[in-house]
Structure formats: C-alpha cells, structure tokens
Amino acid sequence: MAIRILQKEKLFSLEGKHTQYVFSIDENNLVRHLYWGKKINNLEDFSPEKIVEISSNDPTLELTKEEYSPQGGLRYKESCLKVQFQDGTRDIVYSYEGYEIIHDTLIIKIKDKNYDFFKINLYYKIYEDEDILERWTEIKNQGNEDVVVENILSAEFNLPEGEKYTLTNVHGRWAGEQVQFKQDLSYGKTVLESRRGVSNHNHNPYFILDSGANEDYGDVYFAALKYTGNFKIVIENTPYNTTRALIGINDFDFMNTLEPSESFVTPKVICGYSFLGFGNMSRRLNNFALKYVIPEEQRNKIRPVLYNSWEATTFNVKVEEQKKLAKKAQEMGVELFVIDDGWFGRRNSDKDGLGDWYVNKEKFPQGLGELVDYVNSLGMDFGIWVEPEMVNPESDLYKQHPDWVYSFPKRYRNTLRNQLVLNITKREVKDFIITFLDKLLTDYNIKYIKWDANRPISEGGAYNLPKNKQRMLWYKHIESLYQIVDELRKKHPEVSFEACASGGGRIDYGALSHFTEFWTSDNTDALDRLMIQYSYSFIYPTKAMRAWVTDCPNFVNNRYIPLDFRFHSAMLGTLGIGGNINKWSEEELRLAKEKVREYKDIRNIIQKGNLYRLKSPYEGQISAFQYSIKSQESVLFVFLRGQNFGVFKHNINLKDLNENSMYEVIYDNVTYKKSGAYLMNLGIDIILIGDCASKLIKIREI
Ligand code: DGJ
C-alpha cells in the first residue's frame, strides 16, 4: 500500500518500494513533518513528542517542522505562503480540515481559522515503484472578498536532524552552464533562484542535499521543480540544528490577487530520498522521466541522430550549401537534418527578422519546400529552428505591433541580442504564434522544432492583464508557452520539440513535460561538455540531452580535440553533428560514418539504460561513464583529459553486472571473456595515450 494512514493518530505515510515519508496532524492542528527516509513498517512507532517552547524567544512554531509553513503568528522562519486578506490581515493561522485520497494522491486539506473561506490543499502523489514522490499545493478563495497572494511555494522539506548537509547544484552562464558545485551548509540561508523568466544558465531548479554520500552510498535528499520560469530555492539551517528546504515559484515581482471562487495551483515538485548515493538518485529520476515526464507521444521513441547547420553556416543560409550539407549528413548516417537560425524574414544577422516568419526568398528562391523535399528524398527527416517568443524591433511584426512586447510606457525598451520579448500572455500574440507554427508544420513535412529563446524578460509590463494580476506575467508567460507548445503537439503529434534558451537556459522538468529534449549548451567543446553533461545527468534523463560533434578549434575555448574523442563525448547523450561537414576531410567523414553506425548500435543502451558515473570529470584527468541495461549489456566510455608523467594505464571497475555471469568485452576490436565478478572487482585496464584520448568498450553477457 503506497498510502497508509493511522486514523486515530492522524498519521499519514507515503511509501515507495524502499522509502517512506511520514507526517501527522499534531495537537495544535499543525501538519507536522515526522520522517523522510528508509521504510519503517510499524507506523505505531511514530509517537511524536509534544513540542514545548524553549524560551520566550524560541516559540513552538519555530521549533515545529511543518509540512508547509505559512507566514503568520510566531513564525520567523522562511515561509511558503504569504497572503493579505481584505481587512489588511497579513497573517495565516491554519487548521486541519481533513484528507482525501484519489488514486495514488493524498490531499491534506487545511483552511485559515478565521478566514475559513481560504483553503489550502497539500498534494502528495506517490510513485511506488520508482520511489518518487510528487508534491504541490493549491489555494482556493471560496469567499466573497479578494485575497492577495504575495508568495506561494510548491513545497517545504524538513531533513533528518543531526546531520550536516552538503548542497549540490550548478552555477554558470551562457556557454558555461551546468558547472557543478558542492557547498557545505552553514548557518543561515542559501538561496538559489532565477528572476529572468526562464529557468536560466545560472542555477537549476532543484536541490540535492546529502550527508557524506558518494555515487554508491549514503543519504541523499533531492527535489526538482517542474517549472521553466522564475524559481526560488531556500535552504535554511535553523538555530535548532535542523535543515529545511523550500522550493517553488520565485516571489520576485510576484503577486496574485485571488478573486472570489479563484484558485491557484503551484508547479509540482519531483522528490525522493536515496540511501544508495547520487547514482541511485539519478537512475531513479532518469527512469521516472522516461516513464512519466517526457511528452507521451514521443516518450518511447528512440531519439534520432541529427545534423544541425548552425555552427556551419550561422545566418549565412543558402539553399545549395544546405543541400550539400544534407547530402554529407545523409552519407554519414544522419536521420534528421535541422536548419537553424537564418532561414526566414530579413534574417542575415541577429539584428532583424525575428517575428517575420516567412521564408526568405533570396535564400530559398524556390521556397523552403526545395530543401525539405531534398532532405526527405535522402531518407532523412527535416527539422527547423524558431524563436517564437521574441521579436527584433527592426522587424515588420514589431512595426505593426509595437504593443506586443513587455514594456513600461515611459521606460526604454532594453534589447538584448537586438531583441525584445513578446507578451505571449496576450491572446492575439499567442494566436499569432500558434498560427504561424501550425502553418509551417502543415505546409512542410517538418518533424522537429528547435524552440529557442535568447534573452531574459525585462521591463515586465503586461497591461493586458487586470491590474491586480500584472505581476503574474512571469507565471502567465510560462503558462502560455506550455499552452502554445501543447496545442501544436496536439495538432502535430509526430513532431518533436527541442527546448533551447541560448543553449541550456531551459533545462528543467517544467520544460521536459512539454518538450521532447533539451539543447544542453552552446558550448560544444568536447572536454567542457564532459563536465556539463556529468552535472546534467544528476537530475535529468540522458535521452533528453542533445550533444553535437562540432569543428575545431572550438569557438568557446579555441581548443583542438581529436574527432574520435568529440564523438565519444557527444555519444554520452543523443548524438548530433554540428560541424561544417562540407569541409571535413575524407578521413573525417569516414570516421564520422563509423561512429554514427556505432552509436546507432548502442543508443538503445544509452538512451534507455542506467548510467553509472564511474569517474567524475571534475576530479581528475580520467572520467568514465557506463550505461547498462538489466546487467546484460553495457557500454563504457573512458576519457583522458591530458596525459601526465607517462601514465597510460587506467583501471576501471565496472558496475551492474551479474557476478556469476560471463561477459564478452569488446575493446579495441579484440574480444575478451571475463566474469562479472572479475570485471566489477578487478576491472579492466584501459590504455589511453596523449591528450584528449578516449575509448568505447562494449560488454555483453554471454
Ligand atoms: C542560440 C542557440 O543555442 C544556438 O544553438 C543557435 O540556435 C542560435 N541561438 C541561433 O541564433
């Protein structure tokens, strides 16, 4: 039973296969957190002691671990919910009303004691097999007066006491996103957030808190927000030696007036506990995403090998050159040819064109169909880049509709990359985007949309919204984005959608609930990518991680890396090629063809299998990744950043094999036979010579 309840004690237990989350309603009617950890079957064991105030400065509300702390009364801790009632009261005093179970979801119903029309529902959905809990919150105004909501987070988490926690997240910027950091929590608060309207490159909307864990052992608590807009995570070490973590929509420039009969539902949070370290956490999330998050119509499809012409031609698109690239790509074994920016309007640079979504006649004198048909005639699918939320002030669209962008009347409209953000909370703007994209997808045989967004929102004026909802624009922008993509998906279910925001600015579970995959980073330097991809893999699924092989020297670091290594690095996700293959030598094209074929042979294991991060690129010269399916088939990638002191032999111990089975190991075209126990305990010696050397090894149970 995934949800168990002790009625008399008002105790609620949510149970996965191995983990459990327990809370109860205490004598003060507070929803009090009791436990998050390994399973404890005997619920009667939970007998929470009464909390008494320590001193006049340490009230019980500060000491109680609540499931959802509103602002009010003797609470000074960070709160999840802050409202103002019409009479000016800025204080919530809640009491428990009851619960309901709908399938696998437990709903805890609470209301304000005096303003009893104000209801709060706490949702807990348990995925028993995956040991994943999904949490979210709903507020309802069932009264006759407005309630102003100044802050509403999705969930609060209280971690087991007596441990010191380390926070893992990423930091970064454009072309340097997903750089992992680990930070021991000290006193006070740690805040990670986005105020930019996209989840962005700086941090990512999740937290991982561990107490001395590694890849295979130790306690890890994690939560990831299903939201692609402004988020906020606050982690607080309290004066009482406890750690709390709050996650949800950012209260930055947020305010929502709930009118009578209105309700608001927060984004969901995917969360869990692992006692087997980070590896177990990532594999569970990977499986969960494949089973429940990636849009259903694309969920079970293997991701194709694509070619994208952006780095090859940038804005300088010419149909003949694109056709040449397409031919080369097809010869290499590519399955999807994607034309990037520069095919539309007066798009010869980033100064113009955005918003004018007609095919550029000079670049495509016979129309876009010429290229689409050619690509299709080569047996490949066709994909195309768009940036629907944006407009260049130089464009015809902007000249016709200067009122379609977010702005404040007396303020200068700040551009970034010469563009402004369209106010897609306006019905007519939304319709415009749906119409042009629907037409594009109907007129041409397009199977893939790369959806870009190259700047954050600023000057967030949205006067189409009622006065009391204007600060909801950040939220409503994301809501509209989801609606647009969902409508297009419904009309064109065969189309995949890639979420891109100047590279990896839109990597989050909100985006992944509507898009099929992510553009991971504009940084395609194969060495940097090992680190970016490693961090990504902590939370997000391999199948959604697009990675390209591009030219050297790479534009980010001016570095030369052997083609073999570049392929191996990109094969850790869904393989793409993004170099100017019209300029590749015969030898490079031959190697590429071989690598694409090899990837197709093993991609089932990579895209659907379990990832074991054997050696981290953050920790030394060697990194190693093993993908495995049911302990039967594995592929191992080993990378050497740079050779030092003549060391060329590196021992790698495999994981997830059956000890007593025999395995065939194919390494440098030679086949060895070894037992699972040998490969896991003694491992394999990998020879890597020189800088940027890599190997791909295949392992199969006999
Ligand atoms: C930013 C993206 O991340 C790139 O891959 C490319 O699509 C450019 N935009 C095009 O303008």
Side-chain angles (χ1 to χ4, degrees), residues 172-178 196-202 228 306-318 322 325 329 336-357 360 363 382-392 394-395 415-422 437 440 446 448-456 496-508 511 515-526 528-529 532-533 536 544-551 554-556 570 573-581:
R173 57 192 163 81
W174 172 77
E177 59 273 67
Q178 299 278 349
R196 295 174 177 236
V198 280
S199 47
N200 95 62
H201 306 79
N202 307 139
T228 193
L306 68 70
Y307 176 79
N308 178 300
S309 56
W310 170 245
E311 285 198 25
T313 61
T314 63
F315 299 103
N316 194 14
V317 170
K318 290 184 202 113
Q322 296 293 321
L325 290 166
L336 167 71
F337 180 87
V338 184
I339 182 165
D340 209 280
D341 202 346
W343 60 269
F344 55 93
R346 295 182 296 270
R347 190 73 170 165
N348 297 314
S349 72
D350 61 18
K351 290 197 174 61
D352 199 354
L354 284 181
D356 299 340
W357 296 106
N360 182 305
K363 298 181 183 186
F382 185 81
I384 199 159
W385 177 97
V386 287
E387 195 177 359
E389 296 151 88
M390 306 288 165
V391 68
N392 289 120
E394 290 292 313
S395 68
T415 55
L416 280 166
R417 209 195 191 208
N418 306 301
Q419 62 196 59
L420 295 166
V421 186
L422 285 173
L437 276 169
L440 190 67
I446 293 172
Y448 190 90
I449 289 282
K450 176 175 173 185
W451 184 298
D452 207 344
N454 281 299
R455 63 155 291 173
S496 304
F497 288 81
E498 176 181 15
C500 166
S502 297
R506 225 172 215 168
I507 294 179
D508 56 76
F515 292 80
T516 329
E517 59 184 77
F518 302 119
W519 176 222
T520 318
S521 174
D522 277 355
N523 185 342
T524 52
D525 174 284
D528 282 0
R529 267 304 182 105
I532 291 171
Q533 297 174 175
Y536 167 101
M545 185 179 79
R546 190 52 81 172
W548 301 347
V549 176
T550 56
D551 294 334
N554 188 282
F555 79 99
V556 180
T574 57
L575 179 64
I577 290 129
N580 190 351
I581 48 178

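Whatever order the structure lists them in is the order used to number ligands and atoms, beginning at 1.
- No side-chain donor-acceptor contact under 3.5 Å links Asn308 and Arg546.
- When only non-hydrogen protein atoms are considered, atom 5 (O) of ligand 1 lies nearest to Lys450 NZ, 2.7 Å.
- The single protein non-hydrogen atom nearest to atom 1 (C) of ligand 1 is Asp452 OD2, 3.0 Å, given as residue, atom name and distance.
- Set against the non-hydrogen atoms of Cys500, the atoms of ligand 1 under 4.0 Å away are 2 (C), 3 (O).
- Checking Asp551 against Asn580 by side-chain atom types alone, no donor-acceptor pair falls below 3.5 Å.
- Arg347 pairs by the side chain to side chain donor-acceptor pair (under 3.5 Å) definition with Asp341, Asn392, not counting sequence neighbours.
- Heavy-atom separations between Arg417 and ligand 1 include at least one value shorter than 4.0 Å.
- With hydrogens left out, the protein atom closest to atom 7 (O) of ligand 1 is Asp340 OD1, 2.6 Å, a heavy atom.
- Considering backbone and side-chain N/O of Trp548, none are found under 3.5 Å from N/O of ligand 1.
- With no hydrogens or angles considered, a side-chain donor-acceptor pair links Thr524 and Glu311 at under 3.5 Å.
- Set against the non-hydrogen atoms of Trp385, the atoms of ligand 1 under 4.0 Å away are 7 (O), 10 (C), 11 (O).
- Checking side-chain atoms of Thr313 against main-chain N and O of Ser309 turns up a donor-acceptor pair under 3.5 Å.
- Counting heavy-atom neighbours within 6.0 Å of Arg173 CZ, excluding the residue itself, gives a total of 12 or less.
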Going through the distances and angles, do Trp385 and Tyr448 end up as a ring-ring contact (aromatic ring centres under 6.0 Å, His included)?
CA-CA 9 Å; Trp385 177 97; Tyr448 190 90; over 10 Å; no
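- Geometrically, ligand 1 and Phe315 share no nitrogen or oxygen pair separated by less than 3.5 Å.
- Between Asn200 and Glu177 there is no side-chain heavy-atom pair separated by less than 4.5 Å.
- In this structure Asn454 satisfies the side chain to side chain donor-acceptor pair (under 3.5 Å) test together with Glu387, Asp452, Ser502, sequence neighbours excluded.
- When hydrogens are left out, the protein atom nearest atom 4 (C) of ligand 1 is Asp522 OD1, 3.4 Å; that is the closest non-hydrogen contact.
- For Asn454, every heavy-atom contact with ligand 1 shorter than 4.0 Å involves the side chain, none the backbone.
- Residue, atom and distance of the protein heavy atom nearest to atom 11 (O) of ligand 1 are Asp341 OD2, 2.6 Å.
- Distances below 4.0 Å separate heavy atoms of Gly503 from the following atoms of ligand 1: 3 (O).
- Using a 4.0 Å cut-off to heavy atoms of Trp519, the atoms of ligand 1 that qualify are 3 (O), 5 (O).
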